[in-house]
Amino acid sequence: MNTFLSLAAARCSVRSYTDRTVEPKKIEHCLEAARLAPSACNAQPWKFIAVTNPELKNEIAAYTFDPLLSFNRFTHTAPVLIVIVTEKPLIVAQIGAALKNRDFNLIDVGIAAEHICLAAADEGLGTCMIGWFNERAVKKLLHIPSRKRIGLLITLGYPAEGYARPKVRKSKNDVISFNQY
Ligand SMILES: Cc1cc2nc3c(=O)[nH]c(=O)nc-3n(C[C@H](O)[C@H](O)[C@H](O)COP(=O)(O)O)c2cc1C
């Protein structure tokens, strides 16, 4: 329990990386953690693309950067980008989602993404989930069929020194209760 909480506390969004290459075994470790993630009806509605080719990775990184907001400028410093493609869920999950008005796909992708980030932290690697990117351009670059969606991108690499920041979180009283709202 303590080990898990320490890992959860140690994981943070890393927005600066060294240029040290990430060992393929460590990338595979993170992707295996994602593959093992739970999903609604066990639909596993995902594909994980690890982008390690530096030119390709930089092209994708450029599509995450918003010059107006000066947002996501750091992504090119990460040696690896993981792209999570959402696949069509099983028909039973689709029916369940429609009946209950819930996007199970997005929930599933979020869980898999966090598995990746925690597995990376466990290996001494840093990550940052990236929800702001030019989806159409990234799909074209990676030959992802246009009807599919990209759920999230994740940067991956060895954190540069001084990356750690104190966690900013709401207080327990604000977010946790027992037996009533
Ligand atoms: C779905 C999602 C999308 C995110 N998109 C971005 C992003 O585009 N750029 C970024 O710098 N951080 C992004 N983040 C990281 C959050 O800003 C970060 O998780 C939050 O501030 C909490 O900080 P921590 O991860 O260091 O604990 C995203 C996180 C999530 C869960």
Side-chain angles (χ1 to χ4, degrees), residues 2-19 22 30-31 33-34 36-40 44-51 56-87 89 97 102-139 141-142 144 148-176:
N2 277 338
T3 318
F4 177 74
L5 275 190
S6 322
L7 181 64
R11 190 231 38 95
C12 67
S13 293
V14 172
R15 297 190 177 87
S16 176
Y17 297 88
T18 70
D19 52 13
V22 181
C30 296
L31 298 176
L36 295 174
S39 56
Q44 304 163 66
W46 46 50
K47 285 232 159 70
F48 307 100
I49 307 174
V51 181
L56 191 58
K57 186 271 299 174
N58 283 339
E59 277 188 84
I60 296 174
Y63 288 130
T64 70
F65 174 53
D66 188 312
L68 273 184
L69 303 173
S70 195
F71 199 44
N72 288 340
R73 190 189 288 276
F74 70 95
T75 52
H76 72 275
T77 69
V80 182
L81 279 174
I82 295 173
V83 178
I84 308 183
V85 181
T86 57
E87 296 293 319
R102 288 199 178 275
D103 190 341
F104 290 128
N105 255 19
L106 274 186
I107 297 171
D108 296 340
V109 163
I111 295 169
E114 182 64 352
H115 271 215
I116 290 175
C117 296
L118 288 171
D122 196 31
E123 292 287 327
L125 292 162
T127 53
C128 185
M129 296 190 207
I130 303 293
W132 186 282
F133 55 90
N134 182 333
E135 184 179 6
R136 187 196 287 242
V138 177
K139 282 201 292 195
L141 206 55
L142 297 178
I144 298 167
K148 299 202 189 273
R149 300 291 315 264
I150 296 177
L152 269 177
L153 310 185
I154 302 178
T155 57
L156 178 73
Y158 284 96
E161 236 172 84
Y163 72 92
R165 295 176 313 277
K167 276 227 179 293
V168 180
R169 291 295 187 264
K170 293 179 179 174
S171 73
K172 289 182 191 175
N173 282 346
D174 279 342
V175 296
I176 299 171

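Both ligands and their constituent atoms are indexed starting at 1 by order of listing.
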Atom indices of ligand 1, in the order listed, that fall short of 4.0 Å to a heavy atom of [X]:
X	answer
F74	11 (O)
K167	27 (O)
R15	10 (C), 11 (O), 12 (N), 15 (C), 16 (C), 17 (O)
W132	8 (O)
R165	26 (O)

#### Entry: Non-hydrogen protein atom less than 4.0 angstrom from atom 22 (C) of ligand 1
yes
For residues 107-120, tabulate all N or O donor-acceptor pairs below 3.5 Å that involve a side-chain atom, not counting sequence neighbours.
{"residue": "D108", "atom": "OD1", "partner": "A40", "partner atom": "N", "Å": "3.0"}
{"residue": "D108", "atom": "OD2", "partner": "A40", "partner atom": "N", "Å": "3.4"}
{"residue": "H115", "atom": "ND1", "partner": "A33", "partner atom": "O", "Å": "2.8"}

Just wondering, more than 12 heavy atoms not from [X] lying within 6.0 Å of its [atom1]?
X	atom1	value
K148	NZ	yes
K170	NZ	no
R15	CZ	yes
Y63	OH	no
D66	CG	yes

May I ask you to identify the nearest protein heavy atom to [atom], giving residue, atom name and distance to one decimal place in Å?
atom	answer
atom 1 (C) of ligand 1	L152 CD2, 3.9 Å
atom 27 (O) of ligand 1	R169 NH2, 2.6 Å
atom 4 (C) of ligand 1	M129 O, 3.4 Å
atom 19 (O) of ligand 1	S13 OG, 3.3 Å
atom 10 (C) of ligand 1	N72 OD1, 3.5 Å

### Query
N/O to N/O below 3.5 Å, does that happen between G131 and ligand 1?
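For ligand 1, there is an N or O atom that lies under 3.5 Å from one belonging to G131.
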### Query
Any idea which heavy atoms bring F65 and P67 closest together, and the distance?
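Heavy-atom minimum between the residues: O-CD, 3.5 Å.
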Atom pairs and distances, side-chain donor-acceptor, residues 153-165, under 3.5 Å, sequence neighbours left out:
{"residue": "T155", "atom": "OG1", "partner": "Y17", "partner atom": "OH", "Å": "2.7"}
{"residue": "T155", "atom": "OG1", "partner": "C128", "partner atom": "N", "Å": "3.0"}
{"residue": "T155", "atom": "OG1", "partner": "C128", "partner atom": "O", "Å": "3.3"}
{"residue": "Y158", "atom": "OH", "partner": "R20", "partner atom": "NH2", "Å": "3.3"}
{"residue": "Y158", "atom": "OH", "partner": "E23", "partner atom": "OE1", "Å": "2.7"}
{"residue": "Y158", "atom": "OH", "partner": "E23", "partner atom": "OE2", "Å": "3.2"}
{"residue": "Y158", "atom": "OH", "partner": "K26", "partner atom": "NZ", "Å": "3.1"}
{"residue": "R165", "atom": "NH1", "partner": "S13", "partner atom": "O", "Å": "3.2"}
{"residue": "R165", "atom": "NH2", "partner": "S13", "partner atom": "O", "Å": "3.3"}

### Task
Please confirm whether F133 comes under 4.0 Å of ligand 1, counting heavy atoms of the residue only.
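The answer is no: ligand 1 sits nowhere under 4.0 Å from a heavy atom of F133.
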### Message
Could you walk me through whether W132 and L69 satisfy the side chain to side chain contact (heavy atoms under 4.5 Å, CB included) test, starting with their C-alpha distance in whole Å, then the side-chain angles of each, then the deciding distance to 0.1 Å, before giving a yes or no?
### Response
CA-CA 11 Å; W132 186 282; L69 303 173; 3.7 Å; yes
#### Entry: From I84 atom CD1 to M129 atom CE, the distance as rounded to the nearest 0.5 Å
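So the CD1 of I84 and the CE of M129 are separated by 8.0 Å.
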Using a 4.0 Å heavy-atom cut-off, say whether [X] meets ligand 1 through its side chain, its backbone, both or neither.
X	value
E114	neither
T64	neither
C128	side chain

